[in-house]
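The structure under discussion appears below in the form of structure tokens.
Quick caveat: nothing in here was measured; it's all calculated off a predicted structure. FYI, side chains are in, hydrogens and waters are out, and symmetry mates aren't considered; it's all heavy atoms of this structure.
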Amino acid sequence: MIVPTGTPDVLLRTEGRAGFITLNRPRAINALTHPMVLAVDRALTDWEHDPAVTTVVIEGSGERGLCAGGDIRAIHDDARAGGTASTAFWRDEYRLNARISRYPKPYVAFMDGIVMGGGVGVSAHGSVRVVTERSRVAMPETGIGLVPDVGGTYLLGRAPGELGTHLALTGAHIGAADALLTGLADHVVPSAALPALTRDLTLLPADEAVARHAVTPQPGVLAEQRTWIDACYRPETVEAIVEQLFETGVPAAKEAATTLLAKSPTALKATLATLRRSRGLATLEEVLDLEFRVSCTALTTPDLVEGIRAQVVDKDRDPRWAPPTLPEVTDADVTRFFSPPPGGDLGLAAALPHA
């Protein structure tokens with residue numbers, strides 16, 4: 001029996017042994033709002049304690065993708081007003097990300113189409129992550145004056161070599177094979193097979209259902225680029241990384257350097273520092289605590305408002321960063337990203353049970 005519930009922006013249904021969460025803002029590529037995060041969390045609570053639901057599936061409505069991220073127009077307006085709505089949203093969003101990572105039942109994410117930012121947060125921490133030939137996965141925050149969050153620096157910090165550093169700084173989109181290589185996904189299923197997989201998930205254990213439809217992906221690009229990526233992104237400063245990229249003589253490396261120079265200099269330096277710190281932390285919760293500090297600080301910087309204005313509001317694609325160059329971003333500018341926010345820390349790691 002199919003039982004539809006939820007809200008207009010988050011559709012819920014149970015069918016057979018599975019519970020389905022459908023993000024339902026297709027015009028916005030299912031960008032997350034605070035009420036949507038709370039609705040997903042409530043569904044996870046209900047189904048965690050429902051013995052009839054043995055698998056949870058998250059998917060996006062429309063043809064464009066699972067989720068393009070958080071509602072950055074709302075973040076832009078909140079930052080301009082000096083409000084607290086964004087920090088409240090992040091508190092609940094990051095808690096949801098941590099919950100997904102520890103969910104006691106199979107959590108299957110259909111990472112079809114566009115999966116960016118907050119979309120990665122509600123999918124790539126799941127236990128069964130499915131990409132398709134249409135998948136375009138990215139953490140593009142540095143282009144709007146933010147730092148990868150929702151556990152993004154945890155995931156990218158654990159990618160092979162310096163692949164995660166490359167993706168975090170450039171915001172590059174990757175396809176199915178590279179999502180598997182970097183640890184952001186587990187299985188590739190043709191998009192045309194998703195309806196059949198959906199049906200099988202209502203009847204079979206999640207692993208068995210996915211195995212019926214999984215295929216070998218077409219080759220990606222990152223495996224062939226590992227040599228120059230690992231060499232060029234090893235330095236501890238963004239300036240040195242850019243210099244290495246320009247000097248290596250590889251056209252793709254030069255293109256990456258040019259891409260970096262168009263991003264927010266402050267966000268680039270804060271991102272590199274966050275990635276390096278996150279590698280030394282043991283749990284996702286510790287990294288989310290760190291990212292919460294960083295995001296709250298980013299909310300007070302001019303680059304966040306300017307970056308969203310240029311990319312989303314006015315769409316002139318001509319942000320005026322402040323400071324405008326990497327050398328002008330001081331160590332003190334970066335260090336302040338790791339200070340406790342005025343409203344207090346997130347506290348996820350402190351809430352973990354200890355042996």
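Between Glu286 and Arg293 no salt bridge is recorded (no basic side-chain N to carboxylate O distance below 4.0 Å). Of the charged side-chain nitrogens involved, none lies within less than 4.0 Å of a carboxylate oxygen, so that Asp77 and Arg80 do not count as a salt-bridged pair. The pair Arg13-Glu59 counts as a salt bridge, with a side-chain nitrogen and a carboxylate oxygen less than 4.0 angstrom apart. Taking 4.0 Å as the cut-off between side-chain N and carboxylate O, Glu328 and Lys269 do not count as a salt-bridged pair.
Side-chain contact between Pro205 and Arg17: present, with at least one pair of heavy atoms (C-beta onward) separated by less than 4.5 Å. Contact of the Val294 side chain with the Phe338 side chain is registered, since non-hydrogen atoms from C-beta on lie closer than 4.5 Å. When side chains are defined from C-beta on, Thr300 counts as touching Arg336, because their heavy atoms get closer than 4.5 Å. Using a 4.5 Å cut-off on side-chain heavy atoms (C-beta onward), Val210 and Leu197 make contact.
In this structure, Tyr107 and Tyr103 have perpendicular ring planes: the angle between them is above 60°, well past the 30° mark. Tyr233 and His166 have perpendicular rings, their planes meeting at more than 60° on a 0 to 90° scale where under 30° would count as parallel.
Here the CG-OG1 distance, from Asp78 to Thr87, works out to 7.0 Å after rounding to the nearest 0.5 Å.
Checked by atom type, the side-chain pair Arg277/Thr153 shows no donor-acceptor distance below 3.5 Å.
Across Leu304 and Ala298, no two heavy atoms sit closer than the pair CB-O, 3.5 Å.
Formation of a donor-acceptor pair under 3.5 Å by the Asp289 side chain with backbone atoms of Ala349 is found in this model.
Within the cation-pi definition used here (under 6.0 Å to the ring centroid, within 45° of the axis), Arg158 qualifies as a partner of Tyr154.
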